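See structure below.
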Amino acid sequence: MAFDGSWKVDHNENYDKIMEKMGINVLKRKVAAHDNLKLTIRQEGNKFTIKESCRIRTIDVVFELGVDFNYTLADGTELKGSMSLEGNKLTGKFKRIDNGKDVIAVREISGDELILTYIYEGVEAKRIFKKE
């Protein structure tokens, strides 16, 4: 269970660009870029619980691999999709409820880092977390 544990955001790459592409206003982008996001991940078989804690909100995201679920981003964008696990990659494939466009989120363990890669309409961004 390599994902288990607490992870704190260390830095972002291209994060503002993907938020802009998603239509998130400049004020929300500035807040999100400095949200001090912390993830606490627990895996029990095919069931995951990810607690997301930041300045904006704290939520528990509970899902089972391969089963569709709804998820709301901090800016209010609603998504529906599922997660799969392949090796050290936890991949979420979602569709936006408002426009039907794909949002991909890949969490990957690399050494002592968790790399969260977002892909939306050809724009890719990363949030790099360090294990606490």
Side-chain angles (χ1 to χ4, degrees):
M1 314 307 176
F3 290 95
D4 280 359
S6 294
W7 304 86
K8 184 159 175 83
V9 71
D10 183 64
H11 63 280
N12 301 314
E13 298 173 3
N14 214 33
Y15 192 49
D16 188 69
K17 291 286 184 206
I18 201 162
M19 288 188 291
E20 182 179 15
K21 183 73 170 177
M22 292 182 74
I24 299 170
N25 74 47
V26 70
L27 180 60
K28 287 182 181 180
R29 292 196 318 260
K30 291 211 181 286
V31 171
H34 303 286
D35 63 0
N36 291 322
L37 181 61
K38 180 179 174 181
L39 305 175
T40 304
I41 303 174
R42 299 282 175 254
Q43 179 184 2
E44 296 175 24
N46 285 336
K47 183 180 176 185
F48 280 78
T49 302
I50 301 176
K51 181 178 186 170
E52 298 179 356
S53 302
C54 66
R55 293 181 177 147
I56 302 167
R57 68 180 183 166
T58 298
I59 63 166
D60 286 328
V61 181
V62 180
F63 61 89
E64 191 170 329
L65 295 174
V67 178
D68 279 358
F69 66 99
N70 293 328
Y71 175 69
T72 304
L73 300 174
D75 75 316
T77 302
E78 295 179 335
L79 308 173
K80 182 172 186 153
S82 65
M83 302 287 281
S84 63
L85 182 62
E86 297 172 24
N88 65 339
K89 290 185 181 181
L90 183 60
T91 302
K93 295 183 179 179
F94 298 95
K95 289 224 179 265
R96 287 179 62 153
I97 301 296
D98 62 348
N99 64 17
K101 294 181 180 180
D102 293 329
V103 178
I104 307 296
V106 180
R107 290 170 175 86
E108 180 177 9
I109 303 297
S110 178
D112 67 343
E113 295 180 334
L114 183 149
I115 302 166
L116 174 52
T117 303
Y118 295 104
I119 303 165
Y120 181 73
E121 290 200 300
V123 178
E124 183 175 304
K126 295 180 187 282
R127 299 197 85 186
I128 292 83
F129 296 78
K130 298 284 188 182
K131 196 157 195 175
E132 290 193 306

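These numbers were taken from a predicted model, which means no experiment stands behind them.
Across R96, K93, K95, a single residue satisfies side chain to side chain contact (heavy atoms under 4.5 Å, CB included) together with L79, and that is R96. Among E20, K21, E13, the one residue that satisfies the side chain to side chain contact (heavy atoms under 4.5 Å, CB included) test with K17 is E20.
Contact annotation: the side chain of M83 approaches that of L90 to within less than 4.5 Å [non-hydrogen atoms, C-beta and beyond]. Using a 4.5 Å heavy-atom threshold, the side chains of K80 and E78 count as separate. With a 4.5 Å cut-off on side-chain heavy atoms, H34 and R55 count as touching. Taking 4.5 Å as the limit, some side-chain heavy atom of D35 sits within range of a side-chain heavy atom of R127. Between D68 and S82 the shortest side-chain heavy-atom distance falls below 4.5 Å. A heavy-atom distance below 4.5 Å is not found between the side chains of V103 and T77. The closest side-chain heavy-atom distance from K130 to K8 is not below 4.5 Å.
Going from atom CE of M19 over to atom CG of D75 covers 9.0 Å, rounded to the nearest 0.5 Å. Here CD of E86 is found 8.5 Å from NZ of K89. Values are rounded to the nearest 0.5 Å. A distance of 8.0 Å separates CZ of R29 from CD1 of I24, quoted to the nearest 0.5 Å. The CZ atom of F48 sits 11.0 Å away from atom CD of E64, with the distance rounded to the nearest 0.5 Å. Taken from OG1 in T117 to CG in N14, the straight-line distance is 11.0 Å, to the nearest 0.5 Å. Atom NZ of K126 is separated from atom NE2 of H11 by 10.0 Å, given to the nearest 0.5 angstrom.
Counting only distance, with no hydrogens or angles, the side chain of D4 and the backbone of Q43 share a donor-acceptor pair below 3.5 Å. Although no hydrogens or angles enter the test, the distance criterion places no donor-acceptor pair under 3.5 Å between the side chain of D10 and the main chain of I128. Under a 3.5 Å cut-off, the side chain of N88 and the backbone N or O of I109 do form a donor-acceptor pair.
Shown here for V9 and F129, the closest heavy-atom pair between the two residues is N-CD2, 3.2 Å. Looking at every heavy atom in both residues, A32 comes nearest to Y15 through O-CE2, 3.8 Å. Here the closest heavy-atom approach between residue D102 and residue Y120 is recorded as O-CD1, 3.2 Å. The nearest pair of heavy atoms linking W7 to D112 is CZ3-O, 3.6 Å. In this structure, V106 and I104 approach most closely via the heavy-atom pair CG2-CG2, 3.9 Å.
At a threshold of 4.5 Å between side-chain heavy atoms, the hydrophobic network of Ile, Leu, Val, Met, Phe, Trp and Tyr places L65 and L114 in one connected group. In the hydrophobic clustering of this structure, I56 does not group with L73; members are Ile, Leu, Val, Met, Phe, Trp, Tyr whose side-chain heavy atoms approach within less than 4.5 Å, directly or through other members. In the hydrophobic clustering of this structure, V62 does not group with F3; members are Ile, Leu, Val, Met, Phe, Trp, Tyr whose side-chain heavy atoms approach within less than 4.5 Å, directly or through other members. Under a hydrophobic-cluster definition in which Ile, Leu, Val, Met, Phe, Trp and Tyr are linked whenever side-chain heavy atoms come within less than 4.5 Å, directly or via other members, M22 and V123 are assigned to the same cluster.
In this structure, F69 and F94 have perpendicular ring planes: the angle between them is above 60°, well past the 30° mark.
By the side chain to side chain contact (heavy atoms under 4.5 Å, CB included) test, E52 is found to be paired with L37, L39, I50, R57, I59, V61, Y71, R107, residues two or more places apart in sequence or in another chain being considered.
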